[in-house]
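Note on naming: letters A, B, ... go to the chains in the order of the sequence lines (proteins, then strands), and numbering restarts at 1 for each one.
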2 protein chains.
Amino acid sequence: MKLRNSSVSAREVAARAGVSRSAVSRTFTPGASVSEETRRKVLEAAEALGYHVNQLARGLTRQESGIVCLIGSDLGTPYRANLMKALTQHLQNVGKVAMVINTDRLDGSVDLALRQAIRYRADGSIILSGMPDKSITRLCLNNGQRLVLINRDDEHDGPLHINLDEAAAMGAVLMAFLRAGCRRLAFANSAAGTPSLMAREKGFIAAAATMGLDVMTERHGFTCYDSGRVLAHRLLTRKERPDAVFCVTDLIACGFMDAARQEFGLRIPEDLCVAGFDDIEQAGWSSYGLTTFSQPIDDIAARAVAWLDQGGRSDAQPLPSFIRLPASMVWRQSIRKG
Amino acid sequence: MKLRNSSVSAREVAARAGVSRSAVSRTFTPGASVSEETRRKVLEAAEALGYHVNQLARGLTRQESGIVCLIGSDLGTPYRANLMKALTQHLQNVGKVAMVINTDRLDGSVDLALRQAIRYRADGSIILSGMPDKSITRLCLNNGQRLVLINRDDEHDGPLHINLDEAAAMGAVLMAFLRAGCRRLAFANSAAGTPSLMAREKGFIAAAATMGLDVMTERHGFTCYDSGRVLAHRLLTRKERPDAVFCVTDLIACGFMDAARQEFGLRIPEDLCVAGFDDIEQAGWSSYGLTTFSQPIDDIAARAVAWLDQGGRSDAQPLPSFIRLPASMVWRQSIRKG
DNA sequence: TAACCCATTGCACAGCGGTGCAACTATATG
DNA sequence: CATATAGTTGCACCGCTGTGCAATGGGTTA
């Protein structure tokens with residue numbers, strides 16, 4: 001067994017197998033013409049030498065690197081982490097691989113990340129947070145790179161947009177609150193102001209308006225547990241204390257519930273109905289039993305990957321560029337049944 | 001502005017700038033010799049055309065792709081997700097980029113993942129779960145790829161091993177239990193049997209033995225919340241009910257606490273002391289207030305990345321290959337103060 | 001036996017950027 | 001003014017693999 005410090009190339013395999021380098025290349029290219037005999041010799045030599053096709057070189061000649069960039073921040077958050085997990089899984093299923101670009105501390109937000117994606121000639125990028133400039137979007141498309149935007153409502157064409165039907169969800173939760181007899185509605189939002197969070201806020205307020213109801217709205221901090229606690233203080237110390245709160249995110253809902261119970265002595269759902277969004281694992285923990293909306297994470301991932309993968313094949317009819325998926329309500333114990 | 005469907009190459013930039021392709025290459029190679037005048041012309045042309053160095057090609061000639069593979073399962077789990085987040089961050093700080101390989105459904109465990117890493121000529125791989133065969137480890141080293149194993153206690157040489165001082169932690173928590181007046185000790189483990197989980201079990205039992213105490217031990221299921229509930233049932237229905245439980249993981253501790261309080265009516269810490277490990281975010285939520293051990297995630301990530309990065313420079317003295325970091329105890333309310 | 005078809009194979013070039021070497025320019029020194 | 005020196009620049013080759021094209025060989029059919 002020949003051991004070198006640098007890696008083995010096709011030439012060495014060819015030499016050992018007594019064939020041309022082309023034969024080696026064809027052996028590892030599905031659909032290429034190689035005789036059974038040659039293939040056997042090549043595979044044998046490759047095995048002996050520990051040969052692995054160099055994807056960097058392969059990506060250079062084919063116009064496909066097999067790399068897809070996942071761009072986002074707050075990757076440690078339950079929802080984001082699960083989305084990432086699903087995406088990596090689905091990408092691997094179609095033979096691609098995920099490259100993660102963390103934008104937490106990147107001032108240039110996603111633009112810097114997308115440049116990185118271009119440098120690695122990624123086949124596509126999936127953007128989980130932040131919004132790229134239009135100019136960068138153009139740049140990506142011109143570089144033959146496909147873009148998927150998840151939960152970033154916006155207008156421009158070219159990328160695939162996957163969004164949830166937030167309006168429908170807000171309508172459903174409002175109905176649930178009303179059936180529970182609640183009339184003093186509140187909405188607890190973070191100050192992040194991302195499109196999907198704002199869509200929920202607007203959707204909830206609009207739904208309430210059709211029933212002639214006002215909504216007490218607060219926005220504070222990041223989209224996290226601690227903000228939920230602060231929001232509880234803000235909303236529950238109001239003169240007219242709400243009897244139903246929609247928390248824009250499960251994480252916020254958990255903080256809200258903890259503060260409501262422990263610092264205001266409220267019982268949930270008897271004194272206060274609460275709902276959240278995302279259906280993170282903790283929502284199902286028995287300390288919370290949070291009624292919430294489940295994001296179809298697996299479906300989102302499957303569609304994103306299918307769309308990116310379809311870019312390779314020319315025989316496919318174009319898939320739609322705007323997808324709106326339903327978020328299904330998960331009933332637990334934080335809203336009284338009417 | 002010239003827009004092509006495929007990406008811009010250095011040749012085109014050179015043509016537009018009226019210089020040789022070498023000049024373009026040197027402009028983007030730190031430390032290469034280019035006059036200020038030429039550099040300016042090149043940068044101008046590059047900007048106009050939207051040129052980005054092709055990392056695939058660059059990785060081919062230099063022996064460094066800039067890619068580091070993160071290999072692991074259960075990436076949606078709080079601890080893993082945070083570790084991944086820290087690793088991606090630190091990698092980016094030294095100019096590298098993370099490629100994630102999810103081994104959740106890979107039967108060939110990490111071996112398949114490492115082959116993928118080799119195909120992309122990753123500069124190194126960081127393994128978060130599972131154990132690679134020795135043969136694969138050799139293969140990686142022969143391909144000039146460096147390996148980091150996190151919390152996978154084992155013997156063989158070559159890779160960097162980063163482990164926690166589980167024994168010390170178990171000694172500390174035992175002391176805390178004893179000071180709280182507990183004598184009926186229990187250990188709630190998952191059935192995963194990974195090295196670090198088993199090290200905690202052994203460490204706890206050993207520490208108890210030196211004090212002449214037995215430990216009721218149970219193992220069940222995956223390392224998750226639901227297992228914690230099951231373990232609570234197993235341990236709290238025993239004839240001699242424990243008055244202190246160490247849960248091998250915070251996730252298990254959360255499930256255990258919920259079941260203990262809600263199904264057995266126990267007060268924590270009055271009736272039962274509980275401790276966990278990892279210091280996930282939820283441990284700090286006020287429903288739990290779990291006393292636990294904080295994994296130095298940022299330190300782990302920093303060391304792993306420094307070690308991989310150092311592989312590039314020849315001027316550095318070799319860093320150690322075995323690192324054992326302390327897990328520091330985070331006091332909250334789940335253990336009575338003695 | 002001659003003509004023809006098909007599978008297989010190797011050559012040579014392409015994809016993109018890094019870099020040693022030699023040539024060239026401009027400046028400094030004697 | 002001649003020479004030494006340092007800084008730039010371009011050529012040409014390298015890293016590794018994919019693939020069009022032509023050549024080869026074998027088998028089949030008339």
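- If you take CD of B:E37 and C1' of D:dG7, they are 15 Å apart, rounded to a whole angstrom.
- Atoms CD (B:E36) and P (D:dT8) sit 9 Å apart, rounded to a whole Å.
- Here C:dT9 is the nucleotide among D:dT17, C:dG15, C:dT9 with the atom lying nearest to any side-chain atom of A:T38.
- A:Q55 places its CD atom 10 Å from the C1' atom of D:dT17, with the value rounded to the nearest Å.
- For A:S25 and D:dT17, the shortest distance from a side-chain N or O to OP1 or OP2 is not below 4.0 Å.
- For the pair A:D299 and A:R303, the salt-bridge criterion is met [side-chain N within less than 4.0 Å of a carboxylate O].
- Residue A:S35 is classed as a sugar-phosphate contact, given heavy-atom separations below 4.0 Å to backbone atoms only.
- The base of D:dG10 sits with one of its N or O atoms less than 3.5 Å from a complementary donor or acceptor on the side chain of B:R26.
- Remark: B:E44 engages B:R40 in a salt bridge, criterion side-chain N to carboxylate O under 4.0 Å.
- A:H52 places its NE2 atom 15 Å from the C1' atom of D:dC16, with the value rounded to the nearest Å.
- Nearest nucleotide to the B:S33 side chain, out of D:dT17, D:dG15, D:dT9: D:dT9.
- Each of A:Q55, A:K96, A:R58 was scored for a side chain to side chain donor-acceptor pair (under 3.5 Å) with A:E64, with one residue passing: A:K96.
- Taking every side-chain heavy atom of B:T29 into account, C:dG18 is the closest of D:dT8, C:dG18, D:dG15.
- For A:R119 and C:dG18, the CZ to P distance is 12 Å, given to the nearest whole Å.
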- request: Determine, step by step, whether A:I150 and A:I300 satisfy the side-chain contact (heavy atoms from CB on, under 4.5 Å) criterion, reporting the C-alpha distance in whole Å, the side-chain angles of both residues, the deciding distance to 0.1 Å, and the verdict.
  value: CA-CA 8 Å; A:I150 297 182; A:I300 291 173; 3.7 Å; yes
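- Checked by atom type, the side-chain pair A:N102/B:T88 shows a donor-acceptor distance below 3.5 Å.
- Under 4.0 angstrom from either OP1 or OP2 of D:dT17 there lies at least one side-chain N or O belonging to A:Y51.
- Going from atom CZ of A:R62 over to atom P of D:dT17 covers 12 Å, rounded to whole Å.
- Checked by distance alone, A:T61 brings no side-chain donor or acceptor within 3.5 Å of a matching partner on the base of D:dC16.
- Distances shown here put a side-chain N or O of B:R11 below 4.0 Å from the OP1 or OP2 atom of C:dG15.
- The A:R21 side chain lies nearest to C:dC13 when the options are C:dC13, C:dA7, D:dC16.
- Checking D:dT17, D:dG10, C:dC16 against every side-chain atom of B:N54, the shortest atom distance belongs to C:dC16.
- A:V34 comes within contact range of the sugar-phosphate backbone alone, with a heavy-atom separation under 4.0 Å but no base atom that close.
- A close approach under 4.0 Å does not occur between any side-chain nitrogen or oxygen of B:R58 and OP1 or OP2 of C:dG17.
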- prompt: Please walk me through it: do B:S7 and B:N54 pass side-chain contact (heavy atoms from CB on, under 4.5 Å)?
  reply: CA-CA 9 Å; B:S7 57; B:N54 187 333; 5.6 Å; no
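- Put simply, CZ on B:R39 is 10 Å from P on D:dT8, counting in whole angstrom units.
- D:dT19 atom P lies 13 Å from atom CG of A:L60, rounded to whole Å.
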